[in-house]
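Below, each value reflects all heavy atoms present in this structure, side chains not excepted, and no hydrogens, waters or symmetry copies. The chains referred to below are lettered A, B, ... by the order of the sequence lines, with proteins before strands, and numbering in each begins at 1.
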Protein chains: 2
Amino acid sequence: MTGSGDSQAAARAIDATEVLVSRGLRVTAQRITVLDAMIAERDDTTAQALHERLRPAHPQLGMATVYRTLNALADAGVLDRLHHEGTSTCYRYCAPGHHHHLTCRSCHAVVELRDCDLATWAQHVAAAHGFSAPQHAVELSGICADCRARGVEDASAHAHTH
Amino acid sequence: MTGSGDSQAAARAIDATEVLVSRGLRVTAQRITVLDAMIAERDDTTAQALHERLRPAHPQLGMATVYRTLNALADAGVLDRLHHEGTSTCYRYCAPGHHHHLTCRSCHAVVELRDCDLATWAQHVAAAHGFSAPQHAVELSGICADCRARGVEDASAHAHTH
DNA sequence: TTTCGTGCAAATATTTTGCACAGAA
DNA sequence: TTCTGTGCAAAATATTTGCACGAAA
């Protein structure tokens with residue numbers, strides 16, 4: 001599954017080369033490979049997983065390159081870096097601007113939530129404690145409709161959430 | 001050592017032994033040492049940092065024990081596990097129950113926010129996308145009144161927040 | 001041509017584990 | 001006594017880096 005299965009979505013998808021150029025990053029075959037994969041796969045992935053997945057079709061893609069590319073893209077703001085419980089650092093392709101994510105705890109499907117209406121709330125709470133310049137980070141998670149239909153169990157129902 | 005300045009706060013602090021007993025954890029000198037340190041030090045710490053800090057006064061406290069103790073306490077819900085950018089896993093002493101934190105980006109002062117009123121919001125957003133069993137994690141940050149008075153700069157004003 | 005990216009393997013960094021012994025219940 | 005916790009060092013993971021070479025600008 002070199003990505004050709006997603007032809008419909010990929011057809012009008014963001015062009016990796018353009019993204020690289022627009023960020024002032026040098027365009028290389030490896031970076032296109034990695035970025036394409038991240039764009040096609042909205043869900044978050046670790047460097048290791050991505051490398052394993054890409055390796056068959058790109059035998060000479062080194063693990064170090066995957067790490068370096070993901071870091072470069074994250075530094076450039078193209079990817080999100082996520083630090084989950086348990087797993088190593090995950091990366092996710094991410095639209096620009098302020099927004100939040102709703103993630104399925106079972107299959108890791110991601111929904112981007114635009115129109116965040118929490119800024120006012122954050123402002124209010126912060127001000128109540130004498131804080132200024134509030135920022136807020138929110139991660140919503142749940143079980144998506146598909147997984148629910150499949151009767152998936154919720155492994156982290158007991159998590160201590162903040 | 002460095003923490004003795006907090007004597008006032010520490011004086012009427014939570015009793016480590018009681019906490020351990022109440023969670024059904026066996027009471028040992030090492031666990032008391034670690035938990036006491038975490039209670040006294042509200043800011044988050046890594047296992048490594050804690051070990052280094054405690055080692056001088058407790059020469060025979062092994063690093064593995066620090067890791068094991070922090071994990072046991074986190075599993076028991078006594079500590080929070082935090083996954084920051086850059087650093088390894090941090091731990092923080094944390095009141096029980098669902099709540100959020102408001103952290104000063106300058107001095108790392110932490111305010112616990114009780115009475116979280118976001119559950120309804122989360123429920124609503126999740127349902128709108130077909131998700132069930134919503135959980136939400138929120139980290140609020142800002143510049144606290146003290147730091148503001150001191151004219152502190154906001155180092156992370158450009159952060160990409162979600 | 002100059003500069004930067006890449007693969008490989010070795011180096012680091014971080015966290016976990018096996019084992020024999022000590023200490024809590 | 002019995003069972004669990006602990007220290008130590010080695011192991012397992014995860015990520016970064018040095019170096020010579022190849023590719024982009």
Indicate yes or no for a side-chain donor-acceptor contact from [X] to the backbone of [Y] under 3.5 Å, with no hydrogens or angles considered.
| X | Y | value |
| --- | --- | --- |
| H129(B) | C144(A) | no |
| T69(B) | V66(B) | no |
| R148(B) | I143(B) | no |

**Report entry** Mutual orientation of the aromatic rings belonging to W121(A) and H100(B) [parallel < 30°, tilted 30-60°, perpendicular > 60°]
**Finding:**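 Perpendicular.
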Query raised in the report: Would R92(A) and E41(A) count as a salt bridge (charged side-chain N to carboxylate O under 4.0 Å, His left out) if you check the C-alpha gap in whole Å, the side-chain angles of each, and the deciding distance to 0.1 Å?
Result: CA-CA 8 Å; R92(A) 165 172 72 188; E41(A) 163 112 18; over 6 Å; no
Report task. In plain terms, say whether D36(A) and R31(A) are close enough for a salt bridge, that is, a side-chain N and a carboxylate O under 4.0 Å apart. Result ->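 Here D36(A) does not pair with R31(A) in a salt bridge, since their nearest N and O are not under 4.0 Å apart.
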Query raised in the report: Are R81(A) and D44(A) ion-paired here, with the side-chain N under 4.0 Å from a carboxylate O?
Result: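 Answer for the salt bridge query: no.
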Query raised in the report: Can you check the H58(A) NE2 to dT6(C) C1' distance for me, whole Å?
Result: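 One finds 15 Å between C1' of dT6(C) and NE2 of H58(A), rounded.
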Query raised in the report: Can you name the closest pair of heavy atoms from H136(A) and A122(A) and give their distance?
Result: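 That would be ND1-CB, 4.0 Å.
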Under 3.5 Å, which N/O atoms of the protein pair with N/O atoms of nucleotides 21-25 of chain C?
unit_1	atom_1	unit_2	atom_2	d
dG23(C)	N2	R26(B)	NH1	3.2
dA24(C)	N3	R26(B)	NH1	3.4
dA25(C)	OP1	V27(B)	N	3.4

Query - Reading 5' to 3' through nucleotides 9-21 of chain D, protein heavy-atom contacts under 4.0 Å coded B for base, S for sugar-phosphate only, - for none - result: -----SBBBB---
Requested in this report: Report which part of the nucleic acid R81(B) touches: base, sugar-phosphate, or nothing (heavy-atom distance under 4.0 Å, all strands).
Outcome: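 The residue R81(B) makes no contact with any strand.
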